[in-house]
Structures are given as structure tokens and as C-alpha cells.
Trainee: 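Take a look at this one; I'll ask things after.
Counting starts at 1 for both ligands and their atoms, following the listed order.
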Amino acid sequence: MQTASPTLPMLQIQNFINGEFVPPAAGRYLDNVEPATGLVYGQIPDSDAADVARAVEAAQAALPGWRALPAEKRGLLLVRIADLIEQNLEQLAQAESRDNGKPVALARVVDIPRAASNFAFFGTGVSHFASETHFQEGVALNYTVRHPLGIVGCISPWNLPLYLFTWKIAPALAAGNCVVAKPSEVTPATAYLLGELCQQAGLPPGVLNIVHGTGPGAGQALVEHPLVKAISFTGGTKTGEHIARTAAPMFKKLSLELGGKNPNLIFADCDLAAAVSTSIQSSFSNQGQICLCGSRIFIERPIYEQFKAAFLARVAGLTVGDPQEAGSKQGALVSEAHLLKVQSYIELARQEGGTLLAGGQRVQLAGRCVGGFFLQPTVFEGLAPDCRTNREEIFGPVVTLTPFDTEAEALDWANGTDYGLSATIWTRDLDRAHRVAHQLHAGVVWINTWLLRDLRTPFGGMKNSGVGREGGLEALRFFTEAQNVCVKL
Ligand code: NAD
């Protein structure tokens with residue numbers, strides 16, 4: 001692999017264990033590639049079981065002090081981290097963009113602000129986490145104590161690196177656990193910077209430990225470690241299945257946020273301009289690499305041609321370019337391997353009889369991005385709702401348009417995959433909106449909007465999209481163990 005420049009020192013990041021940056025025990029490193037250039041620009045620890053063991057040891061030593069701190073005090077530390085993320089927003093956004101290939105403009109308004117919100121939300125929220133009592137008049141008083149689990153593992157993917165990393169870490173810490181976290185080896189940069197911010201915030205050593213490395217290496221060791229009581233995982237469905245197979249016999253608590261193949265249902269009575277505009281976002285934001293992206297767009301036949309024309313006109317305006325440039329609406333895909341995977345699905349869609357309406361080609365940029373992993377936003381029509389292109393997760397800037405005639409047909413097709421993460425409905429008919437929402441096999445349903453998030457709401461998928469729910473009290477419940485105490489009156 002070519003490197004960015006033979007004269008510049010590589011950005012070599014380290015593990016964050018016991019409040020310090022330390023090299024991996026075996027001294028091995030992995031290359032980190034910048035997706036926009038295709039060049040190696042840094043190195044990350046290729047950690048193994050020895051590094052995970054060291055992190056768990058640090059977490060174990062920190063645990064008695066951390067769980068004994070009043071929730072408000074723990075919360076204040078987390079709010080301080082949120083403030084530091086906001087103060088360093090620009091540096092973090094630049095790092096996220098370089099590491100992931102996403103437009104820096106997107107990282108500035110979505111990824112980094114949300115990472116700060118995650119800490120602020122759970123830092124304050126934990127003070128409102130009340131215990132339940134069950135009073136039986138004259139008989140007994142039951143009250144429920146929620147103990148932290150102890151040491152927990154958080155494993156996150158590459159698509160929204162700091163956003164999803166902190167979405168797990170913040171509630172785990174707020175609830176009084178110590179954490180060993182592993183970010184994706186594809187996008188380690190902002191997780192590394194988070195360690196620095198935790199130092200600045202005065203988070204006690206060992207409370208949060210960040211171990212870098214591959215899934216089979218560091219990730220597997222974390223899932224297997226007997227002192228790690230729970231695994232909160234976000235990533236692919238196959239990986240989730242493997243993690244469940246490893247962790248379930250050890251009776252670990254598991255939260256699995258997995259893949260999706262989300263439908264957009266566009267009814268003829270919708271606000272068409274809003275439906276088109278938001279569908280562009282839900283199709284192509286972050287190059288379609290958001291688990292909540294809607295990749296199957298079902299449109300009621302009377303407005304099919306009108307929707308298609310307006311949608312394609314907007315697709316033509318999505319400039320693919322250097323993620324650092326303000327005018328770029330589409331950045332690079334995260335890696336060459338992922339680009340090849342997405343391209344293989346474009347080829348499959350062709351073989352399955354799809355008509356290519358837009359895109360389909362790799363984009364060759366000039367200058368510094370000449371070797372980057374860019375792809376045109378791609379739209380197909382004419383594919384059967386049950387073909388592989390319409391059932392399997394592509395996780396890139398590829399969507400299909402399909403006309404439907406009845407509500408029942410749209411529902412049948414929308415529910416016709418193994419996934420059940422999210423869905424979007426566009427209609428002005430409130431009765432229909434609720435009726436359809438309740439019949440969709442999706443953990444999250446948006447009506448006349450997309451990706452509008454309230455952190456208090458339960459978040460997660462049905463079917464192969466996951467097990468458990470994150471968000472609000474659900475997350476605090478996951479990261480605690482309920483104990484009932486019964487007092488006879
Ligand atoms: P991935 O499953 O390849 O990797 C996710 C994380 O798991 C990485 O940190 C990886 O190193 C680690 N890992 C891999 N093998 C492991 C093992 N054996 N033990 C422990 N850890 C292991 O997923 P990805 O390619 O990074 O992310 C894309 C996927 O994530 C897509 O399927 C997407 O839908 C999904 N995703 C889901 C949500 C959600 O909230 N449901 C959010 C974002 C992404």
C-alpha cells in the first residue's frame with residue numbers, strides 16, 4: 001500500500017488504558033487508509049488478548065471508586081466531556097472526515113454534535129433514573145435497585161464512528177460501569193482523540209479504556225473475557241450472530257444493533273417536494289452508509305413518474321468530491337473493499353434485470369483524491385421486490401424505485417426482508433400513517449420525516465436487525481442489573 005508521503009511522520013495512535021496512551025503489548029500495528037486518497041496516513045495498534053486483559057485489569061481497579069461516586073458526580077464528568085467535544089468540534093470533524101471519507105460538512109453538523117449530545121444526555125439523564133417501588137397495602141414493600149453491571153464492552157462500526165462509539169460509552173459510564181471499548185479498526189481516529197478529552201476532563205484512570213484493533217483480534221478477546229459482563233455491539237448482522245454465539249454461553253448481557261434494508265413508502269397524497277427532498281437525504285447521506293438509510297423506495301403508482309423525475313433531478317446535483325471541500329455533497333466510501341462490495345451489488349442489480357436510471361460508476365477525481373474510493377449515487381428501477389438487490393444490505397449509495405398499487409402490497413414488500421430496523425412513510429392521511437406504521441416490521445418508523453431523533457426514545461431493530469433497544473432509559477436499564485428487595489410489613 002502506498003503511503004501519503006515518505007517524508008511526513010505517520011500518525012501513530014495508541015491504546016488508551018488506565019488513563020494513559022500505551023503501545024500494544026505485541027508491538028504490532030495496522031495501516032490506516034484515508035478513503036479520499038486511498039493512501040496510508042497512519043497506524044493503529046493491532047491489539048490482542050494481552051491488551052484487552054490489561055484494559056480489563058485497569059477497569060477492575062477503577063470500578064469500586066467509580067460506582068461509589070454519586071450519579072450526579074459521574075454525570076458532571078460526562079457533561080464536561082460533552083463540553084470538550086463541542087470546544088474541539090472542528091478538529092474532531094476534520095479527523096472524522098479524513099478517517100471515514102465523509103464530507104467534513106456532515107461531520108460538523110451530525111457526527112460530532114451528536115457525540116457531544118450523547119455525553120450531555122446521559123450525563124444529565126442518570127440523575128433522573130429513579131428506582132421503582134411496588135407497594136402491597138399492609139403486606140409488603142418491594143423496591144428495585146439497579147446496580148451497575150461492572151465491566152462492560154462496547155464495540156462500534158465505522159459509518160458514524162464517534163457518534164455510535166459514544167452512544168454506547170456514555171450510558172455505560174453514567175450507570176456506574178467501567179468500560180473497555182473497541183472502535184472500528186477502519187475509523188479509529190476520533191476514538192483516539194476522545195481519550196485525550198477524557199484525560200482533560202479528569203475522568204479517573206481506568207474508567208474508560210479504548211483498545212484498538214481488528215474484530216477477530218481485539219474484538220473477539222473482549223467478547224470472550226470472563227470479567228466483561230455485557231457487550232453492546234453495533235455492526236453487521238453476521239458479526240452480531242458470531243458475537244452472540246460466543247457471549248451467550250457465558251451468560252453475558254447482549255445488545256445487538258445490526259444491519260438494515262429500510263423501506264420508504266411514498267403515498268400519492270404526500271407532500272411530494274418534501275418526500276423527494278428527504279428521500280435524497282435518506283438515500284445518500286454519508287454515501288448511503290447509515291444503517292437507517294432507506295434503500296428501497298416504494299412509490300404509489302399515480303405519482304411514480306413525477307417522483308422519479310424530481311428525484312433524479314436532485315441526484316444529478318449531488319456533487320461527488322473531496323470530502324474537505326465545502327461543495328462536496330458525496331464523499332468517499334469508507335474503503336476499497338467496501339467500494340468493491342457495493343460495486344458488486346450494482347452488477348447484481350444489472351443481472352437481476354434492473355434499469356439503471358443514474359450513476360453506477362466509480363468516480364475518478366483529479367489531484368489529491370485521484371486514488372480515492374468514490375462512487376456515483378446510483379438509482380435503479382424495474383427490479384422485483386423480492387430480488388437479492390432488494391433484500392440484501394448494500395450499505396452504499398444505491399437505491400431502487402418501485403411503483404405500488406395498494407397499501408397491502410406496499411406493506412408486504414416493505415416487510416419482505418430479513419431486516420427490520422427502520423422505515424419511512426410519506427402521506428397526509430393520519431389514519432393511514434398510523435395504520436401502516438403499526439404493521440411495519442421496523443423498530444423505528446418515521447412519518448413525513450427521516451432521522452429525526454429524540455435521544456429519550458427506544459432505538460433498535462426487529463428481526464435480523466438486532467436484539468434489545470438503546471436510547472433513554474432503555475440504555476440505562478441495559479447497563480444495570482435489577483435487584484428486587486422485598487420488605488414484609
Ligand atoms: P462489522 O460487523 O464488520 O464491524 C463492527 C465492529 O465489530 C468493528 O469494530 C469490528 O472490528 C468488530 N468485530 C468484527 N468481528 C468481531 C468479532 N468476532 N468479535 C468482536 N468484534 C468484532 O460492521 P461494519 O462493517 O463496521 O459496519 C457496518 C454494519 O454496521 C452494517 O451492517 C450496518 O447496518 C451496521 N450498523 C448498524 C447500526 C444500528 O444501529 N443498527 C448502526 C450503524 C451500523
Trainee: Among all protein heavy atoms, pick out the one at the shortest distance from atom 22 (C) of ligand 1; state its residue, atom name and that distance to 0.1 Å.
Mentor: Gly215 CA, 3.4 Å
Trainee: Do ligand 1 and Ser465 have nitrogen or oxygen atoms that lie under 3.5 Å from each other?
Mentor: no
Trainee: Among all protein heavy atoms in this structure, tell me which lies nearest to atom 28 (C) of ligand 1, with the distance rounded to 0.1 Å.
Mentor: Phe395 CE2, 3.7 Å
Trainee: Please report which non-hydrogen protein atom sits nearest to atom 42 (C) of ligand 1, along with the residue it belongs to and the distance in Å to one decimal place.
Mentor: Cys291 SG, 2.9 Å
Trainee: Please identify which atoms of ligand 1 are closer than 4.0 Å to at least one heavy atom of His242.
Mentor: 18 (N)
Trainee: Provide the closest heavy-atom pair for Phe374 versus Gly331 in the form atom of the first, atom of the second, distance.
Mentor: CD2-O, 3.4 Å
Trainee: With atoms numbered from 1 as shown, which atoms in ligand 1 lie under 4.0 angstrom from a non-hydrogen atom of Gly236?
Mentor: 1 (P), 2 (O), 23 (O), 29 (C), 30 (O), 32 (O)
Trainee: Could you tell me whether some N/O pair between Pro216 and ligand 1 is separated by less than 3.5 angstrom?
Mentor: no
Trainee: If the contact criterion is a heavy-atom separation under 4.0 Å, does Ser184 count as touching ligand 1?
Mentor: yes
Trainee: Could you list which atoms of ligand 1 come closer than 4.0 Å to a heavy atom of Phe459?
Mentor: 40 (O)
Trainee: Is the backbone N or O of Val228 less than 3.5 Å from a side-chain atom of Lys252, with the two atoms forming a donor-acceptor pair by type?
Mentor: yes
Trainee: Where on Leu222 is there a heavy atom closer than 4.0 Å to ligand 1, on the side chain, on the backbone, on both, or on neither?
Mentor: neither
Trainee: Is a side-chain donor or acceptor of Asn262 paired with a backbone partner of Cys293 at a separation under 3.5 angstrom?
Mentor: yes
Trainee: If you measure from each non-hydrogen atom of Leu258 to ligand 1, which part falls under 4.0 Å: side chain, backbone, both or neither?
Mentor: backbone
Trainee: In terms of atom number and element, which parts of ligand 1 are under 4.0 angstrom from non-hydrogen atoms of Trp158?
Mentor: 24 (P), 25 (O), 26 (O), 27 (O)
Trainee: Considering residues at least two apart in sequence or located in another chain, which fulfil the side chain to side chain contact (heavy atoms under 4.5 Å, CB included) criterion with Pro205?
Mentor: Asn18
Trainee: I'd like to know if Asp111 and Lys102 make a salt bridge, using a cut-off of under 4.0 Å between side-chain N and carboxylate O.
Mentor: yes
Trainee: Please check if any side-chain donor atom of Gln94 sits under 3.5 Å from a side-chain acceptor atom of Glu90, or the reverse.
Mentor: yes
Trainee: Any idea which atoms of ligand 1 are less than 4.0 Å away from a heavy-atom of Thr239?
Mentor: 1 (P), 2 (O), 3 (O), 13 (N), 14 (C), 15 (N), 16 (C), 22 (C)
Trainee: Counting distance only, does the side-chain N/O of Trp446 pair as donor-acceptor with the main-chain N or O of Ile425 below 3.5 Å?
Mentor: no
Trainee: When you measure from atom 11 (O) of ligand 1 to every protein heavy atom, which one gives the shortest distance, and what is it?
Mentor: Glu185 OE1, 2.7 Å
Trainee: Does the ring of Trp413 carry Arg296 above it, NZ/CZ under 6.0 angstrom from centre and within 45° of its axis?
Mentor: no
Trainee: Val223 to ligand 1: N or O pair under 3.5 Å?
Mentor: no
Trainee: Where's the contact between Thr237 and ligand 1, heavy-atom distance under 4.0 Å: side chain, backbone, both or neither?
Mentor: neither
Trainee: Find out whether the Lys NZ or Arg CZ of Lys253 is both under 6.0 angstrom from the six-membered ring centre of Phe478 and within 45° of the ring's axis.
Mentor: yes
Trainee: Numbering the atoms of ligand 1 from 1, which are under 4.0 Å from a heavy atom of Pro183?
Mentor: 9 (O)
Trainee: State whether the side chain of Asn118 and the backbone N or O of Tyr163 hold a donor-acceptor pair below 3.5 Å, judged by distance alone.
Mentor: yes
Trainee: Flag atom 30 (O) of ligand 1 as yes if some protein heavy-atom distance to it falls below 4.0 Å, otherwise no.
Mentor: yes
Trainee: Is there a donor-acceptor pair under 3.5 Å between the side chain of Ser285 and the backbone N or O of Ser282?
Mentor: no
Trainee: For the side chain of Asn415 and the backbone of His441, is there at least one donor-acceptor N/O pair under 3.5 Å apart?
Mentor: yes
Trainee: Could you pull out, from Ser156, Pro157, Gly219, the option with a heavy atom nearest to atom 8 (C) of ligand 1?
Mentor: Ser156
Trainee: Counting only heavy atoms, which portion of Ile155 has something under 4.0 Å from ligand 1: side chain, backbone, both, or neither?
Mentor: side chain
Trainee: Flag Glu393 as yes when one of its N or O atoms lies below 3.5 Å from any N or O atom of ligand 1, and as no otherwise.
Mentor: yes
Trainee: Taking 4.0 angstrom as the limit, do Glu470 and Lys168 come out as a salt bridge?
Mentor: yes
Trainee: Between Thr37 and Leu39 (side chain of the first, backbone of the second, donor and acceptor by atom type, cut-off under 3.5 Å), is there such a pair?
Mentor: yes
Trainee: Which ligand 1 atoms does Asn159 reach within 4.0 Å, using its non-hydrogen atoms?
Mentor: 43 (C), 44 (C)
Trainee: Please write down residue, atom name and distance for the protein heavy atom closest to atom 35 (C) of ligand 1.
Mentor: Gly235 O, 3.2 Å
Trainee: Identify the closest protein heavy atom to atom 18 (N) of ligand 1: which residue and atom is it, and at what distance?
Mentor: Gln220 OE1, 3.1 Å
Trainee: Looking only at protein heavy atoms, which one is nearest to atom 7 (O) of ligand 1, and what is the separation?
Mentor: Phe233 CE1, 3.1 Å
Trainee: Would Arg54 and Glu57 pass as an ion pair if we require N to O under 4.0 Å?
Mentor: no
Trainee: Got an N/O contact under 3.5 Å between Lys182 and ligand 1?
Mentor: yes
Trainee: With the threshold set at 4.0 Å, does a side-chain nitrogen-carboxylate oxygen contact exist between Lys261 and Glu392?
Mentor: no
Trainee: Under 4.0 Å from a heavy atom of Leu421: give me the atoms of ligand 1 that qualify, with their elements.
Mentor: 41 (N)
